[in-house]
Number of protein chains: 2
Amino acid sequence: MMSWLRDAGFLAALEPEWRRELEGLKPVHVPARTTLFRPGDAAQSFVILLSGRIGVYLTGRNGRELLLYAVSPGETCVQTTLGVLGGAPYTGEAIAETDLVAVMVPPTVFERLMAGSSSFRQFVFRAFAARLGDLMFVLEQVAFVKVEQRLAHVLLDRADASGEVSATHQDLAVAIGTAREVVSRRLEAIASKGWIANERGSIRILDRAALTKMAAQP
Amino acid sequence: MMSWLRDAGFLAALEPEWRRELEGLKPVHVPARTTLFRPGDAAQSFVILLSGRIGVYLTGRNGRELLLYAVSPGETCVQTTLGVLGGAPYTGEAIAETDLVAVMVPPTVFERLMAGSSSFRQFVFRAFAARLGDLMFVLEQVAFVKVEQRLAHVLLDRADASGEVSATHQDLAVAIGTAREVVSRRLEAIASKGWIANERGSIRILDRAALTKMAAQP
DNA sequence: CCGGATCCGGTGACTTAGTCACCGAGCGGC
DNA sequence: GCCGCTCGGTGACTAAGTCACCGGATCCGG
């Protein structure tokens with residue numbers, strides 16, 4: 001049987017003596033829509049995602065939600081790690097958006113790897129830096145950028161090759177941190193300029209260039 | 001001559017053989033109001049603050065600023081670390097708010113300590129976790145909490161024993177991520193209820209209990 | 001001690017965003 | 001076909017942010 005680590009490209013530089021340590025761990029499967037962590041949970045392991053996608057959300061007291069970042073294969077859910085190693089409780093809510101395959105690295109193994117492998121340390125720090133960057137981006141958007149620009153940005157970001165964005169207004173509202181009604185009204189305004197077309201459950205982009213300009217402008 | 005490390009309580013658990021490594025580093029002095037890092041800077045070392053205070057700010061394209069967190073003695077400026085170790089550019093702006101004394105740990109020494117000392121690793125991870133927590137708090141406040149509540153919160157947070165808050169409206173606006181005019185108007189509204197008194201450059205809290213309730217309510 | 005530059009705060013008018021309450025159309029399952 | 005749910009639309013209102021401008025307080029150099 002092939003090792004998952006051999007298939008995954010992201011730890012290719014790992015020293016051979018440490019490869020074995022990781023290869024011994026068996027990947028776990030998780031069905032879509034599972035809630036992986038809730039605020040206040042104490043995390044138990046360092047998670048490396050092999051396939052699927054995890055969404056990490058922040059929920060306000062008013063019930064509104066905000067997408068913090070998505071975890072893709074080869075990445076790790078940093079907040080859980082900090083929970084284990086820094087003693088902090090989990091502040092976001094992680095939801096499996098597809099079926100998942102992931103490796104759970106227990107604290108003892110993690111500690112050995114951090115002590116022994118400089119390339120593992122680099123992997124971990126890069127992951128931290130990337131997540132912190134994601135968070136800073138979201139913060140900047142929410143604090144300083146207008147809804148219309150954030151909306152244009154997320155539409156471009158989520159569009160497939162044909163310009164189709166399959167997301168409900170509610171999904172988009174969570175992605176940019178606003179209310180559903182606001183998204184509905186803005187989308188209508190943009191549609192009236194002929195740059196997009198609204199359908200039930202999806203949006204079709206008609207003028208990518210116009211949206212790009214809209215996302216960039218002050 | 002005493003070692004700075006002996007005076008500082010925060011790395012007391014560090015193994016003796018690694019203490020020497022850190023004690024050899026000479027603390028540097030930095031005058032107040034120095035800009036330590038700007039967005040895009042590549043950080044060169046792991047910074048441990050011995051005395052003074054550093055403010056880390058995010059600046060939007062519209063010129064508005066937002067206080068991300070403050071670094072106190074015994075803490076580290078995490079973003080610079082991630083810059084060194086994760087290869088990410090610096091996203092915030094760090095300003096010395098008082099005269100500073102700090103130890104700059106060069107990457108080579110940092111790498112040795114991370115490899116060899118489990119208590120140093122713990123120190124670093126706790127620092128990361130704390131900062132990530134700060135960031136999540138700010139994000140939640142900005143995304144979901146009303147200005148009036150954020151304002152009450154920051155006033156209580158910054159008041160001295162006698163209830164005096166020495167900060168301009170602009171300072172408060174940056175602390176809660178809004179515009180100066182908005183702070184002025186809200187403060188006036190709160191003052192008209194008799195809970196605070198506005199003076200030039202400072203606010204006196206008259207009714208702590210009322211503010212506390214205001215900060216908590218949905 | 002004076003004059004100007006700068007900092008601090010106040011204000012009106014307006015735009016943008018968020019909230020609340022409610023409705024109706026589309027869609028899926030039985 | 002009917003029920004119940006998701007999805008989106010709307011009006012009315014409040015909260016927040018923006019812009020332009022003003023006047024008083026302070027500070028500093030001469």
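So you know, we letter chains A, B, ... as the sequences are listed, proteins then strands, and number each from 1. What you see below is based on every heavy atom in this structure, not just the backbone, and it leaves out hydrogens, waters and symmetry mates. Note that the coordinates shown come from a computational prediction; the quantities given were computed from them, not determined experimentally.
- Look at A/His169 and you'll find a side-chain N or O under 4.0 angstrom from OP1 or OP2 of D/dG9.
- Between the CD atom of B/Glu148 and the P atom of C/dG18 there is a distance of 18 Å, given to the nearest Å.
- One atom, CD1 of A/Ile203, and another, P of D/dC7, lie 12 Å apart when rounded to the nearest Å.
- In this structure, the separation between CG on A/Leu67 and CG on A/Asp171 is 10.0 Å, given to the nearest 0.5 Å.
- Near DNA chain C, meaning a heavy atom under 4.0 Å away, there are no residues from residues 150-158 of chain A.
- B/Leu100 has its side chain out of reach of B/His29: every pair of non-hydrogen atoms, C-beta onward, lies at least 4.5 Å apart.
- With rounding to the nearest 0.5 Å, the separation of CD in A/Glu181 from NE2 in A/His169 is 11.5 Å.
- What separates CD1 of B/Ile190 from P of C/dG10 is a distance of 13 Å, to the nearest Å.
- A straight line from CZ of B/Arg186 to P of D/dT14 spans 13 Å, rounded to a whole angstrom.
- In this structure, B/Phe144 places its CZ atom 17 Å from C1' of D/dA16, rounding to the nearest Å.
- One donor-acceptor pair, N or O on each side, does fall under 3.5 Å between the base of C/dC20 and the side chain of A/Glu181.
- In this structure, B/Phe123 and B/Thr76 have side chains that are in contact, with non-hydrogen atoms separated by less than 4.5 Å.
- The distance between atom CZ of A/Arg180 and atom P of C/dT19, rounded to the nearest whole Å, is 13 Å.
- Between the CZ atom of A/Arg126 and the CD atom of A/Gln122 there is a distance of 4.5 Å, given to the nearest 0.5 Å.
- When rounded to the nearest whole Å, the span between CG of A/Asp171 and P of D/dT6 equals 13 Å.
- OP1 or OP2 of C/dT19 sits under 4.0 Å from a side-chain N or O of A/Asn62.
- For B/Arg200 against D/dT26, a side-chain-to-base donor-acceptor contact under 3.5 Å is absent.
- The separation between A/Glu199 atom CD and D/dC7 atom P is 15 Å, rounded to whole Å.
- Evaluation of atom-type donor-acceptor distances gives a pair under 3.5 Å for the side chain of A/Arg185 against the base of D/dG11.
- The residue A/Val147 sits close only to the backbone: its heavy atoms come under 4.0 Å of sugar-phosphate atoms, none of a base.
- The phosphate of C/dG10 (OP1 or OP2) has a side-chain N or O of B/Ser184 nearer than 4.0 angstrom.
- Note on B/Glu75 versus B/Arg131: salt bridge recorded, some NZ/NE/NH1/NH2 to OD/OE distance being below 4.0 Å.
- Checked against the 6.0 Å centroid criterion, the rings of A/Phe120 and A/Phe110 qualify as a close aromatic pair.
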